[in-house]
Amino acid sequence: MTHRKIVSIDGGSAEYWRQRKLGFLLIHEAEWALSRLNRAPMYLHGGYDENGDVIPIENLRPYADMEDAIRAIEANETAVSILVAQRRTKIGDYEVKAVIWELKDRDRD
(Lines give C-alpha, C1' and ligand atoms only; values in the text may rest on other atoms or scores of the structure.)
Protein backbone atom coordinates (compact mmCIF):
# COMPACT_ATOMS: atom_id res chain seq x y z
CA MET A 1 0.00 0.00 0.00
CA THR A 2 1.33 3.39 -0.95
CA HIS A 3 1.33 6.17 1.58
CA ARG A 4 1.03 9.60 0.11
CA LYS A 5 1.37 12.86 1.92
CA ILE A 6 -1.50 15.14 1.07
CA VAL A 7 -0.26 18.69 1.16
CA SER A 8 -2.71 21.53 1.09
CA ILE A 9 -1.36 24.73 -0.34
CA ASP A 10 -2.69 28.14 0.56
CA GLY A 11 -0.82 30.32 -1.91
CA GLY A 12 -2.22 33.44 -0.30
CA SER A 13 -0.87 32.78 3.17
CA ALA A 14 2.18 34.54 4.55
CA GLU A 15 3.46 31.25 6.00
CA TYR A 16 3.43 29.58 2.56
CA TRP A 17 5.51 32.36 1.05
CA ARG A 18 7.86 32.42 4.05
CA GLN A 19 8.50 28.70 3.59
CA ARG A 20 9.03 29.11 -0.17
CA LYS A 21 11.50 31.95 0.37
CA LEU A 22 13.40 29.87 2.91
CA GLY A 23 13.48 26.85 0.58
CA PHE A 24 14.84 28.88 -2.33
CA LEU A 25 17.30 30.62 0.01
CA LEU A 26 18.71 27.26 1.15
CA ILE A 27 19.12 26.14 -2.46
CA HIS A 28 20.79 29.44 -3.34
CA GLU A 29 23.14 29.09 -0.36
CA ALA A 30 24.15 25.62 -1.55
CA GLU A 31 24.83 26.99 -5.04
CA TRP A 32 26.88 29.79 -3.50
CA ALA A 33 28.81 27.29 -1.34
CA LEU A 34 29.54 25.30 -4.52
CA SER A 35 30.82 28.45 -6.20
CA ARG A 36 33.11 29.17 -3.23
CA LEU A 37 34.26 25.53 -3.24
CA ASN A 38 35.20 25.75 -6.92
CA ARG A 39 37.20 28.96 -6.35
CA ALA A 40 38.84 28.07 -3.04
CA PRO A 41 42.52 27.20 -2.89
CA MET A 42 43.23 23.54 -2.16
CA TYR A 43 45.94 24.39 0.35
CA LEU A 44 46.57 27.20 2.78
CA HIS A 45 49.98 28.36 3.92
CA GLY A 46 50.71 26.81 7.32
CA GLY A 47 54.10 28.29 8.07
CA TYR A 48 57.61 26.93 7.58
CA ASP A 49 59.42 23.88 8.90
CA GLU A 50 62.99 23.81 10.25
CA ASN A 51 64.39 23.59 6.68
CA GLY A 52 62.47 26.66 5.53
CA ASP A 53 60.01 24.59 3.46
CA VAL A 54 56.39 25.64 3.40
CA ILE A 55 54.04 23.51 5.53
CA PRO A 56 50.79 23.24 3.52
CA ILE A 57 47.48 22.92 5.33
CA GLU A 58 44.62 21.40 3.37
CA ASN A 59 41.70 23.80 3.01
CA LEU A 60 38.70 21.73 4.15
CA ARG A 61 36.35 24.58 5.11
CA PRO A 62 34.70 24.93 1.66
CA TYR A 63 33.92 21.19 1.63
CA ALA A 64 32.41 21.37 5.10
CA ASP A 65 30.34 24.42 4.10
CA MET A 66 29.01 22.58 1.04
CA GLU A 67 28.08 19.51 3.09
CA ASP A 68 26.35 21.74 5.66
CA ALA A 69 24.37 23.42 2.87
CA ILE A 70 23.24 20.05 1.48
CA ARG A 71 22.21 18.88 4.97
CA ALA A 72 20.22 22.12 5.45
CA ILE A 73 18.34 21.46 2.21
CA GLU A 74 17.62 17.86 3.19
CA ALA A 75 16.26 19.03 6.55
CA ASN A 76 13.83 21.46 4.89
CA GLU A 77 10.73 19.91 3.35
CA THR A 78 10.03 22.90 1.12
CA ALA A 79 13.54 23.00 -0.32
CA VAL A 80 13.32 19.28 -1.05
CA SER A 81 9.92 19.71 -2.72
CA ILE A 82 11.30 22.52 -4.92
CA LEU A 83 14.18 20.33 -6.07
CA VAL A 84 11.83 17.37 -6.60
CA ALA A 85 9.60 19.54 -8.79
CA GLN A 86 12.71 20.48 -10.79
CA ARG A 87 13.85 16.82 -10.75
CA ARG A 88 17.20 18.14 -9.61
CA THR A 89 19.05 15.51 -7.61
CA LYS A 90 22.45 17.21 -7.42
CA ILE A 91 24.01 20.55 -6.72
CA GLY A 92 27.34 20.32 -8.44
CA ASP A 93 28.66 16.85 -7.68
CA TYR A 94 26.82 16.69 -4.35
CA GLU A 95 23.75 14.46 -4.32
CA VAL A 96 20.69 15.57 -2.40
CA LYS A 97 19.64 12.17 -1.12
CA ALA A 98 16.22 13.29 0.14
CA VAL A 99 15.33 14.35 -3.41
CA ILE A 100 16.59 11.08 -4.88
CA TRP A 101 14.53 9.05 -2.40
CA GLU A 102 11.41 11.12 -3.07
CA LEU A 103 11.77 10.76 -6.83
CA LYS A 104 12.32 7.00 -6.51
CA ASP A 105 9.14 6.76 -4.40
CA ARG A 106 7.18 8.72 -7.00
CA ASP A 107 8.55 6.69 -9.91
CA ARG A 108 7.66 3.46 -8.13
CA ASP A 109 4.00 4.50 -7.82
S.K.: In Å and rounded to the nearest 0.5 Å, what is the CD1 to CG distance from Ile55 to Leu44?
M.R.: 13.5 Å
S.K.: Please test Tyr48 against Asp53 for side-chain contact (heavy atoms from CB on, under 4.5 Å), starting from the C-alpha separation and ending with a verdict.
M.R.: CA-CA 5 Å; Tyr48 297 95; Asp53 295 326; over 6 Å; no
S.K.: Asn59 and Ala40: which non-hydrogen atoms are nearest, and at how many Å?
M.R.: ND2-CB, 3.9 Å
S.K.: CD of Glu77 to CD of Glu102: how many Å apart, nearest 0.5 Å?
M.R.: 8.5 Å
S.K.: Between side-chain atoms of residues 79-88 and protein atoms elsewhere (two or more places apart, or another chain), which donor-acceptor pairs fall under 3.5 Å?
M.R.:
residue: Ser81; atom: OG; partner: Thr78; partner atom: O; Å: 2.8
residue: Arg88; atom: NH1; partner: Glu31; partner atom: OE2; Å: 2.9
residue: Arg88; atom: NH2; partner: Glu31; partner atom: OE2; Å: 2.8

S.K.: According to salt bridge (Lys or Arg N to Asp or Glu O under 4.0 Å), who are the partners of Glu95, at least two apart in sequence or on a separate chain?
M.R.: Lys97
S.K.: Shortest non-hydrogen contact from Ile73 to Ala30?
M.R.: CD1-CB, 3.6 Å
S.K.: Applying the 4.5 Å side-chain criterion to the ILVMFWY set and letting contacts propagate, would Ile91 and Trp101 be lumped into a single cluster?
M.R.: no
S.K.: Drop me the distance from Leu60's CG to Tyr43's OH, to the nearest 0.5 angstrom.
M.R.: 9.5 Å
S.K.: Contact between Tyr94 and Leu37 at the side-chain level, heavy atoms closer than 4.5 Å - yes or no?
M.R.: yes
S.K.: Please examine the side chains of Leu103 and Thr89, heavy atoms only from C-beta on, and report whether any two atoms are closer than 4.5 Å.
M.R.: yes
S.K.: Verify the neighbour count for atom CG of Asn38: are there more than 12 heavy atoms of other residues, nucleotides or ligands below 6.0 Å?
M.R.: yes
S.K.: Which pairs would a plain distance check flag for residues 63-72, meaning a side-chain donor or acceptor within less than 3.5 Å of a matching protein atom at least two apart in sequence or in another chain?
M.R.:
residue: Asp65; atom: OD1; partner: Arg61; partner atom: NE; Å: 2.9
residue: Asp65; atom: OD1; partner: Arg61; partner atom: NH2; Å: 2.8
residue: Asp68; atom: OD1; partner: Arg71; partner atom: NH2; Å: 2.4

